[in-house]
Amino acid sequence: MATKTPITSILRVASRCRAPLLTPQSFLKCSNPQTPPRCCFHSAPTPPPCLPEFAFAFDIDGVLVRSSDPLPRAHKALSYLQSQRIPFILLTNGGGKHESDRVDDLAKKLEVPLDTSMFVQSHTPFADLDEYKNRTIMVVGGVEDMCRRVAERYGFKTVVTPGDILTAYPAVWPFSQQLLPYYETFSRPLPAPIDPTSPSTSLKIDAVFVYNDPRDWGLDTQVIKDVLLSHQGILGTLSEKNGNTALPNKGYQQDGQPPLYFSNPDLLWAAKYHLPRLGQGGFREALEGVWAALTGGEKNGVELKKIVIGKPHRPTYEFAEKRLVAHRKRLLEQNDDKLRSLKRVYMVGDNPESDILGGNSYNSPHGTDWVSVLVRTGVHVAGTVPKHTPRMEVGDVWDAVSWAVGQEKWAL
Ligand code: G3P
Ligand code: MG
């Protein structure tokens with residue numbers, strides 16, 4: 001006859017399952033032999049700890065916050081998961097601040113402890129691009145030059161912004177003269193002059209990164225266009241190969257011009273305003289329009305060669321999954337030897353084009369099933385048919401968590 005285990009040790013066991021200290025009622029609920037919840041006890045003297053084989057990836061804008069305001073049940077959702085030691089990461093197409101600063105902000109707003117090991121912004125993967133850390137890059141977007149400072153904290157040594165170029169050469173873009181006093185407050189001297197008469201000593205850009213939503217589309221479009229039409233990224237020069245029909249892409253971007261990276265494809269996003277606002281994707285579409293007008297565009301066999309990351313793109317999900325797996329291991333490590341592989345990740349988002357398409361199309365190398373859950377607190381509007389079908393559509397983030405843990409038969 002199995003020895004009766006005194007209630008306290010059961011509750012201790014319960015605490016090992018990090019379920020809130022059980023009241024007898026909930027213990028009774030949990031110990032229903034018919035449908036043993038995943039976190040079930042059995043009379044073994046030291047029942048194995050039950051470790052969640054599922055986790056969450058939460059989008060931020062439109063799921064946890066609207067611009068800077070926390071959404072009503074965001075705190076409840078995240079603090080419940082933390083009480084259960086169910087791993088989650090925050091996976092956003094936003095950015096513009098260093099991860100540690102943004103995490104501090106969000107932790108205060110959502111009143112839950114967060115850290116950078118569970119946090120992925122649109123530009124976070126750029127930190128791994130070591131090949132440009134000792135070269136000259138141009139960083140575009142964001143408030144003032146905050147994105148430059150983020151890039152510097154990633155280890156990029158020479159970072160130029162369009163504002164630096166305008167401050168040094170106001171004629172580069174005649175239509176932001178009224179903004180010069182603004183740019184002068186944070187712009188820096190250029191590492192080299194723009195001098196087409198001496199290309200070898202003129203400012204040369206080795207890569208262009210759009211880190212966050214540009215604030216001055218006119219200036220940023222002009223300067224990026226100048227770099228892409230230049231000879232080898234040397235500002236003030238014009239490549240002789242442009243328009244050469246004998247060359248691929250009609251000679252455009254065929255003369256050692258730098259690569260162009262975008263961190264976030266979102267055309268629309270959910271901000272404070274009641275209707276979605278244009279995002280970094282809107283800027284890219286505008287730039288592509290100017291590029292097409294200048295080069296003849298696709299109907300002339302010319303494309304804008306670029307690298308776009310951010311949800312729904314695979315590199316961002318690979319990066320995020322690595323972070324989640326490592327975070328889960330650290331969170332549950334005391335049971336490392338019993339930690340089985342991650343079976344499911346619930347990708348909770350408000351934007352069908354990024355969160356849902358990304359979750360649906362991500363084929364995990366670990367065989368983990370990414371389950372897309374669409375909420376109605378952001379871009380997606382209740383009653384409309386989303387362009388990409390989620391596994392589940394719910395009201396808000398707490399509904400998403402409740403539904404998911406129900407799927408997992410985990411005590412709510
Ligand atoms: O600029 C941010 C926006 O594009 C969306 O952010 O958190 O909804 O992925 P998020
Ligand atoms: Mg969103």
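In listed order, ligands and their atoms are each counted from 1.
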Review point. For atom 2 (C) of ligand 1, which protein heavy atom lies nearest, and how many Å away is it?
Key: Gly94 CA, 3.5 Å
Exercise for review: With heavy atoms only and a cut-off of under 4.0 Å, state how Lys311 meets ligand 1: side chain, backbone, both or neither.
Suggested key: side chain
Check your understanding: Would you call Arg376 and Asp396 a salt bridge, taking side-chain N to carboxylate O under 4.0 Å as the test?
Key -> no
Review point. Short N/O distance, under 3.5 Å, between Asp213 and ligand 1?
Key: yes
Practice item. State whether the number of non-hydrogen atoms from other residues, nucleotides or ligands found under 6.0 Å of Glu240 atom CD is greater than 12. Key: no
Exercise for review: Determine, for Lys108 against Asp104, whether the closest basic-nitrogen to carboxylate-oxygen distance falls under 4.0 angstrom.
Suggested key: no
Review point. Would Glu318 and Lys322 pass as an ion pair if we require N to O under 4.0 Å?
Key: no
**Study point:** Ring centre gap for Tyr80 and Trp398 strictly below 6.0 Å
**Key:** yes
Review point. Which residue holds the protein heavy atom closest to atom 7 (O) of ligand 1, what is that atom called, and what is the gap in Å?
Key: Thr92 OG1, 2.5 Å
Practice item. Could you go through the salt bridge (charged side-chain N to carboxylate O under 4.0 Å, His left out) check for Asp369 and Lys343 one step at a time? Key: CA-CA 6 Å; Asp369 178 18; Lys343 297 277 183 308; over 6 Å; no
Check your understanding: Tell me: protein heavy atom nearest atom 6 (O) of ligand 1, and distance?
Key -> Asp61 OD2, 3.1 Å
Point to revise | Pairing residues for Phe88 by the ring pair (Phe, Tyr, Trp, His ring centres under 6.0 Å) criterion, not counting sequence neighbours | key: Phe58
**Study point:** For Ile60, the ligand 1 atoms whose distance to one of its heavy atoms is below 4.0 Å
**Key:** 7 (O)
**Study point:** Close N or O approach (Asn212, ligand 1; < 3.5 Å)
**Key:** no
Exercise for review: Examine Asp266 against ligand 1 and note whether any of their N/O atoms are separated by less than 3.5 Å.
Suggested key: yes
Revision key, fill the gap. Looking only at protein heavy atoms, what sits closest to atom 9 (O) of ligand 1 is Asp59 OD1, 2.6 Å
Point to revise | Number of protein N/O/S atoms that sit closer than 2.8 Å to the Mg ion (ligand 2) | key: 3
Check your understanding: For Lys387, does the NZ atom sit with more than 12 other heavy atoms under 6.0 Å from it, leaving out its own atoms?
Key -> no
Review point. For Phe126, which of Tyr154, Phe319, Tyr211 qualifies under ring pair (Phe, Tyr, Trp, His ring centres under 6.0 Å)?
Key: Tyr211
Practice item. Look only at the side chain of Asp101 and the backbone of Lys97, and say whether a donor-acceptor pair between them is shorter than 3.5 Å. Key: no
Check your understanding: Between Asn93 and ligand 1, which residue portion shows a heavy-atom distance shorter than 4.0 Å: side chain, backbone, both, or neither?
Key -> both
Review point. Does Glu393 reach the main-chain N or O of Pro390 with its side chain, forming a donor-acceptor pair under 3.5 Å?
Key: no
